[in-house]
Chemist: 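One structure is given below, represented as structure tokens, and several questions about it will come after.
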Number of protein chains: 2
Amino acid sequence: MNRGAPAKAGHGGSHASACDQCTVRHRAICSAVDFDHTADLDALVGHRDLAAGRSIFEEGDDGGTVFNISAGEVRLYKLLPDGRRQITGFLRPGDFLGLSSHGAYAYSAEAMTNVSLCVFRIGDLEKLFDAFPKVRNRMLEKANDELAVAQEQMLLLGRKTAREKVLSFLLRRGRHEDDDGYNPEVSVPMTRSDIADYLGLTVETVSRTFTALREEGLIETPSAHSVFLPNIKRIKDIAGAF
Amino acid sequence: MNRGAPAKAGHGGSHASACDQCTVRHRAICSAVDFDHTADLDALVGHRDLAAGRSIFEEGDDGGTVFNISAGEVRLYKLLPDGRRQITGFLRPGDFLGLSSHGAYAYSAEAMTNVSLCVFRIGDLEKLFDAFPKVRNRMLEKANDELAVAQEQMLLLGRKTAREKVLSFLLRRGRHEDDDGYNPEVSVPMTRSDIADYLGLTVETVSRTFTALREEGLIETPSAHSVFLPNIKRIKDIAGAF
DNA sequence: CGAGCTGTTGACATTGCTCAAATTTCGTGG
DNA sequence: CCACGAAATTTGAGCAATGTCAACAGCTCG
């Protein structure tokens with residue numbers, strides 16, 4: 001709820017009360033709505049703030065509401081009946097979530113940090129599609145990109161070694177989203193346990209792998225949650241790109 | 001090429017020369033074009049037949065052409081530089097492939113059997129989208145479903161044991177696509193090596209797992225490529241559904 | 001009939017997991 | 001600002017699941 005309230009999230013972002021002031025508009029599907037029609041967006045969208053650790057929705061819940069992250073970070077995951085968890089993605093401000101597959105959400109979503117969300121009811125989203133056909137276009141593109149990412153992740157999960165998994169993960173975190181360059185200073189805000197569940201490993205293996213990579217000089221770890229990559233080229237060779 | 005020629009594929013399907021006679025229309029995105037407008041489809045679509053084993057396109061190739069399978073089976077995969085392979089999906093008649101992510105295909109596609117394809121240039125597809133908005137809708141739905149399937153596969157690859165992987169695989173092959181029932185007679189036309197590369201295992205492990213499951217009475221194997229599931233409920237329990 | 005796949009089985013090696021414990025970091029309240 | 005407890009991270013030791021290498025059997029197709 002908290003319509004128009006500034007985000008309390010600790011990650012610097014805040015959602016503007018009006019879509020035309022949204023700081024992540026360029027990344028969001030909302031950018032497919034012309035700037036001078038953002039009022040139409042405002043009319044349809046609600047807002048919600050959630051504290052770190054809270055659930056946004058759970059696998060199996062009735063769908064019907066979709067979200068755009070305006071501030072904070074989110075993890076998506078699926079569980080097995082005995083509690084084993086696979087994290088399927090980490091989302092950032094501007095990312096979209098909540099399209100359900102057959103009436104129910106296909107995965108669970110949790111706030112990793114404090115989070116501010118833009119909320120659409122699915123019916124309103126359809127209205128938006130009709131009023132601004134480009135939005136559906138944009139959505140299809142996004143879905144397609146996500147599919148490519150998912151396939152890359154299958155390759156990682158099914159065929160890479162622990163070393164390769166961790167290095168691929170770090171490379172991805174360091175890649176610029178616009179050009180195809182890399183930032184050698186990588187921030188890794190999530191816990192080792194989240195990383196493990198994302199890479200299909202155990203916490204212990206992730207930790208040991210970090211240690212081994214550090215001892216080999218492939219990475220430096222100023223703190224547990226930031227990593228420096230002194231030789232990206234070599235890392236790319238080992239990780240098989242990504 | 002072979003415009004209008006009956007498919008030589010060994011799997012029973014054949015593509016009609018005209019879309020209104022297509023036997024897999026109901027599964028394809030084409031079903032979003034009203035039946036009395038299929039002539040418009042005909043005007044845009046080309047056809048191609050490929051022999052088993054031939055490549056349809058490879059990861060990195062310039063995109064620009066998309067396909068619908070009218071007969072035969074296709075595998076999608078990604079490779080690591082050293083040749084390790086991850087199969088990301090098996091496709092059947094009616095399935096769609098070839099949307100590229102940023103100008104280039106994100107994965108490779110190969111005919112597993114003889115295959116007949118409907119071919120669209122991407123520009124023509126856009127025309128189709130404009131003429132029949134429902135098609136884009138259908139496409140978005142399909143992309144969304146695929147995403148859900150991909151996430152299910154990540155859970156399998158990252159968190160399931162060999163036993164669970166094989167059983168999940170068999171269950172999926174046995175699931176009806178309409179209702180949520182299962183057919184206990186499962187056909188497994190692909191090689192053990194394809195199965196292994198799909199499940200993130202080695203051929204040997206797949207083979208040994210089949211043997212072990214047979215000895216436990218969980219499956220029966222009339223032949224290497226057909227499996228009978230005498231107790232689906234028990235299998236579901238072990239596999240963690242799917 | 002023979003070459004070449006495909007599938008199965010065996011023996012052994014190795015990666016990554018499990019269980020356990022020490023250490024460091026972080027958030028909270030005083 | 002400091003102290004304390006909880007949580008996160010790291011490390012160690014042993015082990016199990018799965019991979020590797022090798023041999024062999026069964027089928028298919030020319």
Side-chain angles (χ1 to χ4, degrees), chain A residues 8 10 51-53 75 80 82-87 112-114 156-169 187-216 219-227 238, chain B residues 10 51-53 75 80 82-87 110 112-114 156-167 169-170 187-216 219-227 238:
Chain A
K8 298 178 210 81
R75 67 179 155 245
L80 286 172
D82 65 0
R84 280 173 287 172
R85 180 179 69 157
Q86 179 65 41
I87 292 185
M112 294 176 64
T113 63
N114 290 349
L156 178 148
L157 290 169
R159 286 298 177 228
K160 291 188 181 179
T161 64
R163 247 169 95 81
E164 292 167 336
K165 285 177 175 181
V166 169
L167 289 177
S168 297
F169 172 69
S187 121
V188 186
M190 60 287 288
T191 67
R192 294 286 185 267
S193 162
D194 281 346
I195 299 175
D197 285 352
Y198 181 60
L199 299 179
L201 300 170
T202 58
V203 198
E204 294 92 329
T205 298
V206 170
S207 182
R208 277 189 254 273
T209 304
F210 269 100
T211 304
L213 291 172
R214 185 177 342 107
E215 283 169 355
E216 289 175 66
I219 68 174
E220 290 161 32
T221 50
S223 86
H225 294 285
S226 78
V227 177
I238 298 176
Chain B
R75 67 178 154 247
L80 286 172
D82 65 0
R84 278 172 289 172
R85 180 179 68 155
Q86 178 65 41
I87 293 185
E110 254 174 27
M112 293 175 66
T113 63
N114 290 350
L156 178 149
L157 290 169
R159 285 297 177 230
K160 291 188 181 180
T161 65
R163 247 169 93 81
E164 292 166 336
K165 285 177 176 180
V166 169
L167 289 176
F169 172 68
L170 293 174
S187 122
V188 187
M190 58 289 286
T191 66
R192 295 286 187 265
S193 162
D194 280 347
I195 299 175
D197 285 352
Y198 181 59
L199 300 179
L201 300 170
T202 60
V203 196
E204 294 92 332
T205 298
V206 170
S207 183
R208 275 190 255 272
T209 305
F210 269 101
T211 304
L213 293 171
R214 183 176 344 106
E215 285 169 355
E216 288 176 67
I219 67 173
E220 291 161 32
T221 52
S223 86
H225 295 285
S226 78
V227 178
I238 299 175

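Basis for what follows: all heavy atoms, side chains included, without hydrogens, waters or symmetry-related copies. Letters A, B, ... are given to chains in the order of the sequence lines, protein chains preceding strands, and every chain is numbered from 1.
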Chemist: Starting the side chain at C-beta, find the nucleotide from dT6(C), dA13(D), dG16(C) nearest to Ala162(A).
Modeler: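 Of all the options, the side chain of Ala162(A) is nearest to dG16(C).
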Chemist: Any chance you could measure Lys160(A), atom NZ, to Arg84(B), atom CZ, to the nearest 0.5 Å?
Modeler: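 Here the rounded value is 8.0 Å.
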Chemist: Report yes if a side-chain nitrogen or oxygen of His225(A) is closer than 4.0 Å to either non-bridging phosphate oxygen (OP1 or OP2) of dA8(D); otherwise report no.
Modeler: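 His225(A) to dA8(D) OP1/OP2: no side-chain N or O under 4.0 Å.
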Chemist: For a quick test of reading the model: is some side-chain N or O of Thr202(B) closer than 4.0 Å to OP1 or OP2 of dT18(D)?
Modeler: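 So the side chain of Thr202(B) is outside the cut-off, no N or O lying under 4.0 Å from OP1 or OP2 of dT18(D).
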Chemist: So, is the end of the Arg85(A) side chain (NZ or CZ) under 6.0 Å from the ring centre of Tyr198(A) and within 45° of the ring's axis?
Modeler: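 Cation-pi check for Arg85(A) and Tyr198(A): fails.
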Chemist: When you measure from the side chain of Glu204(A), which nucleotide among dT8(C), dT20(D), dG12(D) comes out closest?
Modeler: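 Among the listed nucleotides, the one closest to the side chain of Glu204(A) is dG12(D).
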Chemist: Between Thr191(A) and Arg159(A), which has a closest nucleotide on DNA chain D that is more 5'?
Modeler: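 Its nearest nucleotide being more 5', the pick is Thr191(A).
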Chemist: Measure CZ/Arg214(A) against P/dT11(D) and give the value in whole Å, please.
Modeler: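 Result: 6 Å.
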Chemist: Assuming nearest nucleotide by heavy-atom distance, tell me which of Thr211(B) and Val206(A) is located more 5' along DNA chain C.
Modeler: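 Its nearest nucleotide lies further toward 5', so the answer is Thr211(B).
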Chemist: Is a side-chain donor-acceptor pair under 3.5 Å present for Thr221(A) with Arg214(A)?
Modeler: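 Note: Arg214(A) and Thr221(A) side chains meet the donor-acceptor criterion.
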Chemist: Give the rounded distance in Å between these two atoms: CD of Glu164(B) and P of dA17(D).
Modeler: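 The distance from CD of Glu164(B) to P of dA17(D) comes to 12 Å, rounded to the nearest Å.
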Chemist: Out of dT9(C), dT18(C), dG19(D), which has the shortest distance to the side chain of Arg208(A)?
Modeler: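 Per side-chain heavy atoms of Arg208(A), the pick is dT18(C).
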Chemist: Rounded to the nearest Å, what distance is computed from the CG atom of residue Asp197(B) to the P atom of nucleotide dG7(C)?
Modeler: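 Computing the Asp197(B):CG to dG7(C):P distance gives 12 Å.
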Chemist: From the list dT9(D), dT9(C), dG16(C), which nucleotide is the closest neighbour of the side chain of Arg192(A)?
Modeler: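 So the nucleotide nearest the side chain must be dT9(D).
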Chemist: Over how many whole Å does the gap from Phe210(A) atom CZ to dA8(D) atom P extend?
Modeler: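 So the two atoms are 16 Å apart, to the nearest Å.
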Chemist: Considering only side-chain heavy atoms of Ala224(A), which listed nucleotide, dT9(D), dT20(D), dG7(C), is closest?
Modeler: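 From the listed options, dT9(D) comes nearest.
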Chemist: Can you tell me the distance, in whole Å, between the CD1 atom of Ile195(B) and the P atom of dT18(D)?
Modeler: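 So the CD1-P distance, Ile195(B) to dT18(D), works out to 16 Å.
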Chemist: For residues Leu156(B) and Gln86(A), determine if any side-chain heavy atom of one lies less than 4.5 Å from a side-chain heavy atom of the other.
Modeler: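 Leu156(B) does not reach Gln86(A) side chain to side chain.
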Chemist: Is there a side-chain contact between Thr205(A) and the phosphate of dC17(C), meaning an N or O under 4.0 Å from OP1 or OP2?
Modeler: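 So the side chain of Thr205(A) is within the cut-off, an N or O lying under 4.0 Å from OP1 or OP2 of dC17(C).
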Chemist: When Asp197(A) is tested against each of Val203(A), Ile87(A), Thr191(A) for side chain to side chain contact (heavy atoms under 4.5 Å, CB included), which residue passes?
Modeler: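 Single pass found, and it is Ile87(A).
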Chemist: Mind calculating the distance between CG (Leu201(A)) and C1' (dT9(D)) to the nearest angstrom?
Modeler: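 After rounding, the gap between these two atoms is 16 Å.
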Chemist: Quick one: Asp82(A) CG to dT18(C) P, roughly how many Å, whole number?
Modeler: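 After rounding, the reported distance stands at 11 Å.
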Chemist: At 4.0 Å (heavy atoms only), tell me whether Ser223(A) reaches a base, stays on the sugar-phosphate, or touches nothing.
Modeler: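 No contact at all - Ser223(A) keeps every heavy atom at 4.0 Å or more from the nucleic acid.
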Chemist: Please state how far atom CG in Leu199(B) lies from atom P in dA17(D), giving the value in whole angstrom units.
Modeler: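 Roughly 18 Å, once rounded to whole Å.
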